[in-house]
Amino acid sequence: MNKKLKKDFYKRELLTVAKDLLGKIFVFEDKRINKKLKAKIVEIEAYDGSIDEAAHTFIGKTERNKIMFEEGGFLYVYFTYGKHFCANVVTGNKEQGTAILLRAMEPISDLKIFSERRFKKTNLSEKEKINILNGPAKICEAFNINRDQYGIDLTANEIYLLEAPKISEENIITTKRIGIKKSIDLPWRFYIKDSQFVSRK
DNA sequence: ATCAAGATTACCT
DNA sequence: GGTAATCTTGATA
């Protein structure tokens, strides 16, 4: 059985943690339905409020972003566009306000639950199977992540990551981030080269 | 009290 | 390729 990632994993420097997140297994032990929902992380983006205008923490600490100013190992969930939640892994120290947006995953467990929540049905077309977790808000819809999960400690027993083999440099693609209007040239988006579950190639 | 923008998605042509 | 949907947050008054 794979081991849960510990505090020291998250407290490292942002971009190091970002690349190391690829391939790891995201687990949500949802007590409400008595299930352990699992998926493999295949795409992420890094944000750093100390130098990055696109980061929510660039303006300093606020009620919304305060968890990003904690030490690494917490979940930062935010609401946007009047509809969507997105989930991030907080990294680093208490000064910078750094976090990593979970952008796409490959479903591992409970396909039926994910399918029902995303498409209100369980018989999916091939295209829909790819479409279950390939976007930050899609992940939150399928996992049922919302304000209730804001600030969860990732070293506890509800939401956590499992150790997995490190993805080698030649299998990681680095690009500019998607869907932002500031600091658009920072090459802080990373995804697994061969994954078909990435949001955009 | 009011306002503009937003780390997106689904659906349209 | 373009855009409506929809509402919270943070800033300004």
Side-chain angles (χ1 to χ4, degrees), chain A residues 10 13-15 17-19 21-22 26 39 41-70 72 74-92 96-107 114-121 124-152 154 159 161 172-192 196-201:
Chain A
Y10 301 102
E13 185 270 327
L14 173 69
L15 297 182
V17 182
K19 289 188 206 174
L21 277 186
L22 294 173
F26 181 89
I41 298 172
V42 301
E43 176 188 349
I44 48 84
E45 281 176 0
Y47 289 87
D48 177 353
S50 67
I51 55 173
D52 167 15
E53 289 187 71
H56 290 164
T57 45
F58 187 73
I59 56 174
K61 189 189 280 191
T62 67
E63 188 59 29
R64 176 207 213 191
N65 67 28
K66 59 186 179 187
I67 196 69
M68 282 179 70
F69 287 100
E70 288 301 315
F74 293 96
L75 197 70
Y76 168 46
V77 181
Y78 67 87
F79 182 76
T80 191
Y81 292 108
K83 281 188 171 64
H84 307 298
F85 290 98
C86 296
N88 304 246
V89 172
V90 176
T91 73
Q96 287 175 289
T98 52
I100 298 163
L101 173 68
L102 300 172
R103 281 201 58 92
M105 297 192 198
E106 174 179 343
F114 290 146
S115 304
E116 190 62 43
R117 289 174 178 172
R118 288 274 297 118
F119 303 105
K120 313 293 179 214
K121 60 179 183 177
L124 302 190
S125 67
E126 290 308 305
K127 197 171 181 181
E128 286 168 327
K129 285 178 188 170
I130 301 293
N131 231 338
I132 297 176
L133 298 175
N134 63 347
K138 297 176 185 177
I139 290 171
C140 287
E141 184 178 17
F143 274 91
N144 227 333
I145 290 172
N146 52 58
R147 282 184 194 78
D148 294 343
Q149 283 72 43
Y150 181 96
I152 279 183
L154 296 173
I159 295 179
L161 301 181
I172 296 177
I173 304 291
T174 303
T175 75
K176 294 174 184 177
R177 295 172 297 179
I178 293 177
I180 54 173
K181 295 195 175 74
K182 305 169 195 164
S183 299
I184 56 175
D185 288 328
L186 290 173
W188 285 2
R189 173 172 176 256
F190 306 101
Y191 65 85
I192 297 179
Q196 54 181 330
F197 296 91
V198 167
S199 70
R200 238 189 81 199
K201 295 272 182 179

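Quick note on labels: first sequence line is chain A, next is B, and so on, each numbered from 1. Note that this is a predicted model, so its numbers are computed, not measured.
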Could you check whether any side-chain heavy atom of Ile172(A) comes within less than 4.5 Å of a side-chain heavy atom of Phe190(A), counting everything from C-beta outward?
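A side-chain contact exists here, since the closest heavy-atom pair is under 4.5 Å.
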Heavy atoms only, 4.0 Å cut-off, all strands: where does Arg189(A) land among base, sugar-phosphate and nothing?
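Contact class for Arg189(A): none.
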Answer with base, sugar-phosphate or nothing: what part of the nucleic acid does Ala54(A) contact at a heavy-atom distance below 4.0 Å?
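Base, at least one base atom sits under 4.0 Å.
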Between atom [atom1] of [X] and atom [atom2] of [Y], what is the distance when rounded to the nearest 0.5 Å?
{"X": "Lys129(A)", "Y": "Glu106(A)", "atom1": "NZ", "atom2": "CD", "answer": "13.0 Å"}
{"X": "Ile184(A)", "Y": "Glu53(A)", "atom1": "CD1", "atom2": "CD", "answer": "10.5 Å"}
{"X": "Thr57(A)", "Y": "Asp48(A)", "atom1": "OG1", "atom2": "CG", "answer": "7.0 Å"}

Each nucleotide of nucleotides 6-13 of chain C classed B (base within 4.0 Å of a protein heavy atom), S (only sugar-phosphate) or -, in 5' to 3' order, makes BBSSSS--
Once side chain to side chain donor-acceptor pair (under 3.5 Å) is applied, do any residues pair with Tyr78(A), and if so which ones, sequence neighbours excluded?
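Counting only residues at least two positions away or on another chain, Tyr78(A) forms no side chain to side chain donor-acceptor pair (under 3.5 Å).
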Which pair of heavy atoms, one from Leu14(A) and one from Trp188(A), lies closest together, and at what distance?
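Scanning both residues, the minimum pair turns out to be CD2-CZ3, 4.3 Å.
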Any idea which heavy atoms bring Leu154(A) and Phe74(A) closest together, and the distance?
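Smallest interatomic distance, heavy atoms only, reads CD1-O, 3.7 Å.
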By a strict heavy-atom criterion of less than 4.0 Å, which residues belonging to residues 173-185 of chain A are in contact with DNA chain C?
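The stretch gives none, as no residue of it lies under 4.0 Å from the strand.
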Whether His56(A) and Tyr76(A) hold their rings parallel, tilted or perpendicular, with breakpoints at 30° and 60°
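The rings of His56(A) and Tyr76(A) stand perpendicular, inter-plane angle above 60°.
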Symbol by symbol from the 5' end, with Watson-Crick or G-U pairs under 3.5 Å, [ ] crossing and | another strand, DNA chain C is |||||.||||||.
Start with the C-alpha gap between Tyr150(A) and Lys66(A), add the side-chain angles, then the distance that decides, and say whether side chain to side chain contact (heavy atoms under 4.5 Å, CB included) holds.
CA-CA 11 Å; Tyr150(A) 181 96; Lys66(A) 59 186 179 187; 3.7 Å; yes
Residues that Lys181(A) engages under salt bridge (charged side-chain N to carboxylate O under 4.0 Å, His left out), provided they are two or more places apart
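For Lys181(A) there are no salt bridge (charged side-chain N to carboxylate O under 4.0 Å, His left out) partners, ignoring immediate neighbours.
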Quick check for you: name the first and last nucleotides of DNA chain B, 5' to 3', having an atom under 4.0 Å from a heavy atom of chain A.
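Boundary nucleotides touching chain A, in 5' to 3' order, are dG6(B) to dA10(B).
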Distance to the ring centre below 6.0 angstrom and angle to the axis at most 45 degrees; does that hold for Arg103(A) and Tyr191(A)?
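The answer is no; the distance or angle limit is not met.
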Salt-bridge contact Glu141(A)-Lys138(A) (side-chain N to carboxylate O under 4.0 Å)
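Here Glu141(A) does not pair with Lys138(A) in a salt bridge, since their nearest N and O are not under 4.0 Å apart.
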Could you give me the CA-CA distance, side-chain angles and deciding distance for Phe79(A) and Asn146(A), then say whether side chain to side chain contact (heavy atoms under 4.5 Å, CB included) is met?
CA-CA 8 Å; Phe79(A) 182 76; Asn146(A) 52 58; over 6 Å; no
